Each structure stands twice: as C-alpha cells, then as structure tokens.
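Report on the following structure.
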Amino acid sequence: MGKLKSFPADARLARVTGMLRILFHNNGKMSIAEMSRVTNNEVDTLLPQVNAAETLKLVRVVEDEVIITKLGKEMNENKEAAIKEVSERLKKFEPFHTAYMLSKERGKFTTQELEEELEKRKIAFHADGETNKNILNTLLFQWAVYFSIVDYYGLGGVWVEEKSPQ
C-alpha cells in the first residue's frame, strides 16, 4: 500500500457534526462565508472542518459552496450504517490506520508507541514531539474512539483494540 494521507490535524468532530447539522437545516448547502457568519467562526477555523468533512465524503465543495452529501445527511441522523462507513473511511488515513493496525497486532499500545510507528513512516503532525503527541491524542479521542477504531483504557494510559459489545 502506498503512503497514506494524514487526516487534518485541526479537525474537530463536534465542529464537523455541527457543520453537518447547519447544512442539513439550510437546504443542504451554504457558502463558506455564510457559514462563517452564522457560526461566528473565522473562515480559517472552518476550513479544517470542511476539509475533514470533504475527505470523509460527508460534504462536497463546489466553488465556495459546501454541500451535504447523502452520507453527510445519514451521519447527521446518526444512522449506524453511516457511522460504520465513516469509520472505514477514517482507517484509510493516518494516524487512524496505524492505530487500528497496532491495536490488531498488539492488542494495546501507547501514544508514544504510535508516534514512533508513524515516525518510521516519516509522518508527524507537528515538529515538536510533545505537541505531536497531543495532536495524536486529540485525534484519537475525538475521532477514533467515537468511530470504534480503537478504545482507551485510561488507568493504564493505553489504547486498546475496540471490542464490540456482545
């Protein structure tokens, strides 16, 4: 497999889902400038969210309009199939791919171990090690846990393989 792309480090799940909700309730489309005004967020704050949503095929961008897709509508409605689809899409991007693979191979891993594995592949989200580790933690907590890619065992400070409830 070729080098995987990195997921937008500044993307926040709550902001992406909020954006989907706004689009859903506004005829499914809105300009970025309009969205900035409505949400009282700078365009620079919105762009990583739009990029993440477009990367996951939750929206498409045509010129300056953000348009919700069928998957985005289903995600907004919390449909289980949409959540599974987004989970599979996330696994195609770093750091989620490597985190998922480490959880399958080892059963558990630390953020430090994930950072080391990514470093071997020349992938970093920030040049400063501590900042990079914080970004990895944020991405995993906000995206990987929600989409059942990995789970977190707080007492040991380790990420673990997600186990489906029986």
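On a predicted model such as this, the values are computed, not experimentally measured, just so you know.
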Has the side chain of [X] got a donor or acceptor atom that lies under 3.5 Å from a matching backbone atom of [Y]?
{"X": "Glu74", "Y": "Asn78", "value": "no"}
{"X": "Asn41", "Y": "Leu46", "value": "no"}
{"X": "Glu88", "Y": "Lys84", "value": "no"}
{"X": "Glu65", "Y": "Val62", "value": "no"}
{"X": "Thr17", "Y": "Ala14", "value": "yes"}
{"X": "Thr131", "Y": "His126", "value": "no"}
{"X": "Thr39", "Y": "Met35", "value": "yes"}
{"X": "Gln49", "Y": "Arg12", "value": "yes"}
{"X": "His97", "Y": "Lys92", "value": "no"}
{"X": "Gln142", "Y": "Leu13", "value": "yes"}

Does the pair [X]/[Y] count as a salt bridge with the N-to-O cut at 4.0 Å?
{"X": "Lys29", "Y": "Glu34", "result": "no"}
{"X": "Glu116", "Y": "Lys120", "result": "no"}
{"X": "Lys104", "Y": "Glu161", "result": "yes"}
{"X": "Glu77", "Y": "Lys73", "result": "no"}

Which value, rounded to the nearest 0.5 Å, describes the distance between [X] atom [atom1] and [Y] atom [atom2]?
{"X": "Thr55", "Y": "Lys57", "atom1": "OG1", "atom2": "NZ", "answer": "7.5 Å"}
{"X": "Phe109", "Y": "Glu115", "atom1": "CZ", "atom2": "CD", "answer": "12.5 Å"}
{"X": "Leu47", "Y": "Glu42", "atom1": "CG", "atom2": "CD", "answer": "11.0 Å"}
{"X": "Ile149", "Y": "Phe96", "atom1": "CD1", "atom2": "CZ", "answer": "6.0 Å"}
{"X": "Asp64", "Y": "Ile32", "atom1": "CG", "atom2": "CD1", "answer": "6.5 Å"}
{"X": "Leu23", "Y": "Met30", "atom1": "CG", "atom2": "CE", "answer": "6.5 Å"}

In terms of side-chain heavy atoms, does Trp159 have a donor or acceptor partner in Thr111 at a distance below 3.5 Å?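 Checked: Trp159/Thr111 side chains pair up, N/O donor to acceptor below 3.5 Å.
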Shortest non-hydrogen contact between Trp143 and Ala11, atoms and distance: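 For Trp143 and Ala11, the tightest heavy-atom pair comes out as NE1-O, 3.3 Å.
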If every non-hydrogen atom of Leu20 is compared with every non-hydrogen atom of Gly72, which pair is closest and at what distance?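 Shortest heavy-atom separation between Leu20 and Gly72 comes out as CD1-O, 4.0 Å.
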Applying side-chain contact (heavy atoms from CB on, under 4.5 Å), run through Met101 and Lys91 and close with a yes or a no. CA-CA 9 Å; Met101 297 311 291; Lys91 290 176 195 170; over 6 Å; no
Using the rule given for side-chain contact (heavy atoms from CB on, under 4.5 Å), can you reason through Leu71 versus Val86, listing the C-alpha separation, both sets of side-chain angles and the distance that settles it, and then say yes or no? CA-CA 9 Å; Leu71 181 61; Val86 172; 4.3 Å; yes
Evaluation steps, side-chain contact (heavy atoms from CB on, under 4.5 Å), between Met19 and Arg15: CA-CA 6 Å; Met19 179 180 64; Arg15 288 183 176 170; over 6 Å; no
side-chain contact (heavy atoms from CB on, under 4.5 Å) evaluation trace for Leu90 with Leu56: CA-CA 7 Å; Leu90 278 169; Leu56 296 172; 3.8 Å; yes
